Amino acid sequence: MRRERLTAKMLNLSYTIESAQPLTFYGDYEKEFGRVTYPVGNALVEAEFINGQETTISARRSDGISVRGEIASRFRLGDDIVSMYDAISTDRKISAAIGQFRGMRVTKNEPWETSVCFIISQFNNLKRIRRIVRNLMERFGEPIEGFRGETRYSFPSAESLSEARIEDIMRCGTGFRAKYIKSAAEYCSGSLDLDSISKLDYNSLKAELMEIKGVGEKVADCIALMGYGKMEAFPVDVWVKRSMEMMYFNGKNKSLKEIHSYASRKWGDMAGFAQQYVFWYGRSNLRG
DNA sequence: ACCCAGGCGGGCG
DNA sequence: CGCCCGCATGGG
C-alpha cells in the first residue's frame, strides 16, 4: 500500500489520541513511533506523525483507497486552528489548559462508533472503556489483516450488534450497559439513520440522539461533538464539572445548566474545543 | 472494606 | 422541572 503525506500545524498526536476520544478506545497507538492504527469500515488505516516546523503525516490504508480524505476529516485538517485557539483563549485559566496540551485536537469520528464508545463511557473509567470496546471488536467485529501480518478487528456494525445476545454483549464486560448497546444497535440499524441526521443543526441533532436508550444529555453532546463535528457541543462529565467549578466558580457547586450556559456564553460555537482542554486539564491535574 | 469512574432511566414530589 | 436512587465491573 502506497503511503501518502499530509501536513498540519499545531497537531500533537499523543494528546489527541490519549484524551478520551474514540481513537483512545479503538485505535492502537505506538507512542515511540508516533503511529496510530485504526479500522475504517473493514479497512485499516495507519498514520505516522513526524514533528517538525509543521507536523508531517504519512498514512496508508489497506483497501487501496486514498487515505487523504480520511485523515483530513478525522483530524479536521481543514480547520483554521489559529483562529480557533484565538476564539477560546478568553482568560488565563483556559490559556493555562491550552498551554499544557497545545496541539490536542478534537477528532471527527464515525457516528455509530462514537455512539457505542460513549454509551459505554457512562459511569465508567477510561481503562475499562477501552477494554470493553476492544472486547466488542474481537467478538463482534470482522478480522482484518494488519500491515505487519497481525490480526486486528473492525468496529462492529449496528447490524451485527443488533443480532447479538445481551448475555454475549455482557460477556465483553459491558455490565448494565449491554441492554443499551443492544437497543441502540436495533434502533440505529432500523428506524434511525445516523447519517441522515448529520444535516440537522446542533439542537435538533442532540434531541434525535437522546431518543437512543442509554444516550442522555452528556453522551449526546459527546456524539454531537466527536461524531458529527458540532463544535458548539459542550459535554459536561464529572471532570468538566469539577474543572469548571475550580476555574470559574471558586470551587463552588454549580448545576449542569449553569455550567452549560456559562460555557456557551464564553466560548460560543467553539465551546466543544474549549471543553476538550477543560476536561483533559482537569483530569490530568486534579486527579488523586 | 470503601470509593470512584467522560451518566442514565425511572420514579417521586 | 429538579432531586434521588440503583446500576455491573474493576482498580486504587
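In the text below, chain A, chain B and the rest are named by the order of the sequence lines, each starting its count at 1. Treat the numbers as computed from the prediction; the structure is a model and nothing was measured.
The distance from atom CG of Leu126(A) to atom P of dG12(C) is 13 Å, rounded to the nearest whole Å. Distance, Lys254(A) NZ to dG2(C) P: 15 Å, rounded to whole Å. Here the P atom of nucleotide dG10(C) and the NZ atom of Lys127(A) are 13 Å apart, to the nearest Å. Between the NZ atom of Lys182(A) and the P atom of dG9(B) there is a distance of 19 Å, given to the nearest Å. Going from atom CG of Asn135(A) over to atom P of dT9(C) covers 12 Å, rounded to whole Å. In this structure, Asn124(A) places its CG atom 13 Å from P of dC8(B), rounding to the nearest Å. The distance between atom NE2 of His260(A) and atom P of dG7(B), rounded to the nearest whole Å, is 13 Å.
Comparing the same atom, P, in dC8(B) and in dG10(C) gives a spacing of 22 Å after rounding to whole Å.
Contact annotation for Arg242(A): backbone-only contact, meaning every heavy-atom pair under 4.0 Å involves sugar-phosphate atoms and none involves a base. Across all strands shown, Val215(A) has heavy atoms under 4.0 Å from sugar-phosphate atoms exclusively, and none from any base. No contact: Thr24(A) has no heavy atom under 4.0 Å from any strand. Residue contacts shown for Gln276(A) include a base, since a base heavy atom lies under 4.0 Å away. Across all strands, Met210(A) comes closer than 4.0 Å to no nucleic acid atom at all (heavy-atom distances).
Among the nucleotides dG10(B), dG11(C), dG6(B), the one closest to any side-chain atom of Gln275(A) is dG6(B). With distances taken from any side-chain atom of Asn125(A) to the nucleotides dG9(B), dG10(C), dG7(B), the minimum falls on dG10(C). The Asp237(A) side chain lies nearest to dG7(B) when the options are dG12(C), dG7(B), dA8(C). Side-chain proximity of Arg177(A) to the nucleotides dC1(C), dA8(C), dG6(B) is greatest for dA8(C). Candidate nucleotides dA8(C), dG10(C), dG9(B) were compared by shortest atom distance to the side chain of Tyr180(A), and dG9(B) ranks first.
Cluster membership check: Met170(A) does not share its hydrophobic cluster with Leu161(A), using side-chain heavy-atom separations under 4.5 Å among Ile, Leu, Val, Met, Phe, Trp and Tyr.
When both pairing distances are held under 3.5 Å, dG6(B) makes no Watson-Crick or G-U pair with any nucleotide shown.
Here Phe123(A) packs flat against the base of dG7(B); its ring centre is closer than 5.5 angstrom to the base's six-membered ring, tilted by less than 30 degrees.
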Step by step, work out the side chain to side chain donor-acceptor pair (under 3.5 Å) result for Asn109(A) and Tyr228(A). CA-CA 7 Å; Asn109(A) 305 274; Tyr228(A) 290 91; over 6 Å; no

Derivation of the side chain to side chain donor-acceptor pair (under 3.5 Å) call for Glu18(A) and Tyr29(A): CA-CA 9 Å; Glu18(A) 291 168 355; Tyr29(A) 178 43; 4.8 Å; no

For a ring pair (Phe, Tyr, Trp, His ring centres under 6.0 Å) check, start with the C-alpha distance between Tyr248(A) and Tyr262(A), then their side-chain angles and the critical distance, and finish with the verdict. CA-CA 9 Å; Tyr248(A) 300 114; Tyr262(A) 186 86; 5.4 Å; yes

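Judged by distance alone with a 3.5 Å cut-off, no donor-acceptor contact links the side chain of Arg128(A) to the base of dA5(B).
Tested against Arg60(A), the residues Glu46(A), Arg2(A), Glu4(A) include a single side chain to side chain contact (heavy atoms under 4.5 Å, CB included) partner, Glu46(A). Here the options are Phe155(A), Trp112(A), Tyr153(A), Tyr38(A), the test is ring-ring contact (aromatic ring centres under 6.0 Å, His included), and the partner is Tyr26(A); only Phe155(A) passes.
The side chain of Lys241(A) places no N or O atom within less than 4.0 Å of a non-bridging phosphate oxygen (OP1 or OP2) of dA5(B). When the side-chain nitrogen and oxygen atoms of Lys257(A) are compared with OP1 and OP2 of dG2(C), one or more of them lie within a distance under 4.0 Å. The shortest distance between the side-chain N/O atoms of Lys179(A) and the OP1/OP2 oxygens of dA8(C) is below 4.0 Å.
When each of Pro235(A) and Lys213(A) is assigned the nucleotide of DNA chain B with its nearest heavy atom, Pro235(A) is the one assigned upstream, toward the 5' end.
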